[in-house]
There are 2 protein chains.
Amino acid sequence: MSKIYGIIKERRKTLGLTQKVVSEKLSIPQSHFSKIESGLSDTRMSTIVDICRVLELEMTLVPNNKIRVVRALMEDSYARMDKPAWVPDEEA
Amino acid sequence: MSKIYGIIKERRKTLGLTQKVVSEKLSIPQSHFSKIESGLSDTRMSTIVDICRVLELEMTLVPNNKIRVVRALMEDSYARMDKPAWVPDEEA
DNA sequence: TTAAATTATATATAAAAACATATATACATT
DNA sequence: AATGTATATATGTTTTTATATATAATTTAA
């Protein structure tokens, strides 16, 4: 579970957001967000989903035999990319 | 978020487990698990992680621009597969 | 079609923790 | 030095959870 919080922290930093900014978007105190991000609060699912929304992440559940593939897919991928992975050809 | 609960239910059925069995592995009442699985309880992160452990799933967070790839990867993949995706060559 | 099994829903008391609200500051990083 | 994060404190509310049980409703098996 610490991986989840690690992802949140990494992503937040990658997006260049401070805890203060994120907490404002979530309308919660910075102190509360700090505890969530560090795993010191066993927070609700809905709170994590809200955090994901702010950080442009989506939560999912992966079968154990696929997790390594999924992780490899996402290596260095918490950086925001404004372009989709696939760009359609332009039609003349 | 309803997708998460949908995955849990699908996976549980794929593994052929009843709510009763899963709830026993989790040491919680079946009635409580029913509410969690149906999204009627905004449960804690740790509870979902425990459920994932029983169902051989792992929670992760995916950047929005990768979610479609990840989902495609996992299509029809909530079935348990006893073999890893990659099998090492045997050494003579 | 019926019976059995499973799931959803209800009820109750009580404890625990998250959360809301607020603020401050120690500590760490830039 | 300024900024960001972690930690502390306080009161009060809400929800989850624990514990227990029952049964209505639905699904599955026979």
Side-chain angles (χ1 to χ4, degrees), chain A residues 1-61 63 74 76-81, chain B residues 1-64 74 76-81:
Chain A
M1 183 150 75
S2 54
K3 282 193 178 70
I4 296 294
Y5 302 121
I7 292 171
I8 287 172
K9 190 162 189 173
E10 189 184 346
R11 178 69 164 174
R12 176 177 63 78
K13 292 188 173 192
T14 298
L15 295 184
L17 304 177
T18 61
Q19 288 190 347
K20 185 166 184 290
V21 167
V22 173
S23 65
E24 278 163 2
K25 286 171 184 279
L26 296 169
S27 299
I28 63 172
Q30 174 267 327
S31 56
H32 187 195
F33 181 71
S34 177
K35 281 191 161 62
I36 292 168
E37 192 179 76
S38 59
L40 291 178
S41 163
D42 184 10
T43 197
R44 291 175 182 152
M45 282 288 286
S46 64
T47 304
I48 294 288
V49 169
D50 287 343
I51 291 171
C52 285
R53 185 171 299 120
V54 170
L55 300 181
E56 295 170 44
L57 293 167
E58 186 156 324
M59 182 192 307
T60 194
L61 307 180
M74 295 191 298
D76 299 324
S77 282
Y78 291 111
R80 176 173 174 178
M81 299 175 94
Chain B
M1 184 154 69
S2 53
K3 283 194 178 66
I4 296 294
Y5 302 121
I7 294 171
I8 286 173
K9 190 163 188 174
E10 189 183 346
R11 178 68 165 176
R12 175 175 66 76
K13 292 189 169 189
T14 297
L15 296 183
L17 304 176
T18 62
Q19 288 190 348
K20 185 167 185 287
V21 167
V22 173
S23 66
E24 278 163 2
K25 286 169 183 282
L26 297 169
S27 300
I28 63 172
Q30 173 269 326
S31 58
H32 187 196
F33 181 71
S34 178
K35 283 192 160 60
I36 293 168
E37 193 180 77
S38 60
L40 291 179
S41 165
D42 185 9
T43 198
R44 291 177 182 153
M45 282 289 285
S46 64
T47 303
I48 292 286
V49 169
D50 287 343
I51 290 171
C52 284
R53 185 172 299 120
V54 169
L55 299 181
E56 296 170 44
L57 292 168
E58 187 158 324
M59 182 191 308
T60 193
L61 307 179
V62 182
N64 283 355
M74 294 191 297
D76 299 324
S77 282
Y78 291 111
R80 177 173 172 177
M81 300 173 91

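Reminder, nothing fancy here: chain letters follow the sequence lines and each chain counts from 1.
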> Would you say the side-chain atoms of B/Arg11 pair up with the backbone N or O of B/Glu56, donor to acceptor, closer than 3.5 Å?
Replying inline: yes

> Can you name the one residue among A/Lys20, A/Arg12, A/Lys25, A/Glu24 that meets side chain to side chain contact (heavy atoms under 4.5 Å, CB included) with A/Phe33?
Replying inline: A/Arg12

> In terms of the nearest nucleotide of DNA chain D, which residue is placed more toward the 5' end: A/Ser31 or B/Thr43?
Replying inline: A/Ser31

> Of all the choices, C/dT9, C/dA18, D/dA18, which nucleotide is nearest to the side chain of B/Ile28 once you look at every atom?
Replying inline: D/dA18

>> With a 4.5 Å cut-off on side-chain heavy atoms, are B/Thr60 and A/Lys3 touching?
In response: no

> Taking only side-chain nitrogens and oxygens of A/Thr18, does any of them come within less than 4.0 Å of OP1 or OP2 of D/dT3?
Replying inline: no

> Would a 4.5 Å heavy-atom cut-off, applied to side chains only, mark A/Val49 and B/Ile4 as touching?
Replying inline: no

>> Measure CG/B/Leu17 against C1'/C/dT6 and give the value in whole Å, please.
In response: 13 Å

> Could you give the CG-to-P distance, from A/Asp42 to D/dT15, as a whole number of Å?
Replying inline: 18 Å

>> Expressed as a whole number of angstroms, how long is the span from B/Lys35:NZ to D/dA20:C1'?
In response: 14 Å

> Of the nucleotides C/dC19, C/dA8, D/dG4, which one has an atom closest to the side chain of B/Ser34?
Replying inline: C/dA8

> Nearest-Å distance, NZ (B/Lys9) to C1' (C/dA8)?
Replying inline: 9 Å

>> Heavy-atom nearest nucleotide on DNA chain D for B/Lys13 versus B/Leu40: which residue maps closer to 5'?
In response: B/Leu40

> Could you give the CE-to-C1' distance, from A/Met45 to C/dA18, as a whole number of Å?
Replying inline: 16 Å

> What nucleotide, of D/dT17, C/dT9, D/dA6, holds the atom closest to the side chain of A/Gln30?
Replying inline: D/dA6

> Rounded to the Å, how far apart are B/Leu26 CG and D/dT19 P?
Replying inline: 13 Å

> Among the nucleotides D/dA8, C/dC19, C/dT9, which one has an atom lying closest to any side-chain atom of A/His32?
Replying inline: C/dC19

>> Measure CD/B/Glu24 against C1'/C/dT7 and give the value in whole Å, please.
In response: 14 Å

>> On DNA chain C, compare the nucleotides closest to B/Glu37 and A/Ile36; which residue's is nearer the 5' end?
In response: B/Glu37

> Starting at CD of B/Gln19 and ending at P of C/dT9, how long is that distance when rounded to a whole Å?
Replying inline: 10 Å

> Do any side-chain nitrogens or oxygens of A/Arg12 fall under 4.0 Å of OP1 or OP2 in D/dT5?
Replying inline: yes

>> Within the 4.5 Å heavy-atom criterion, are A/Val21 and A/Val54 side-chain neighbours or not?
In response: no

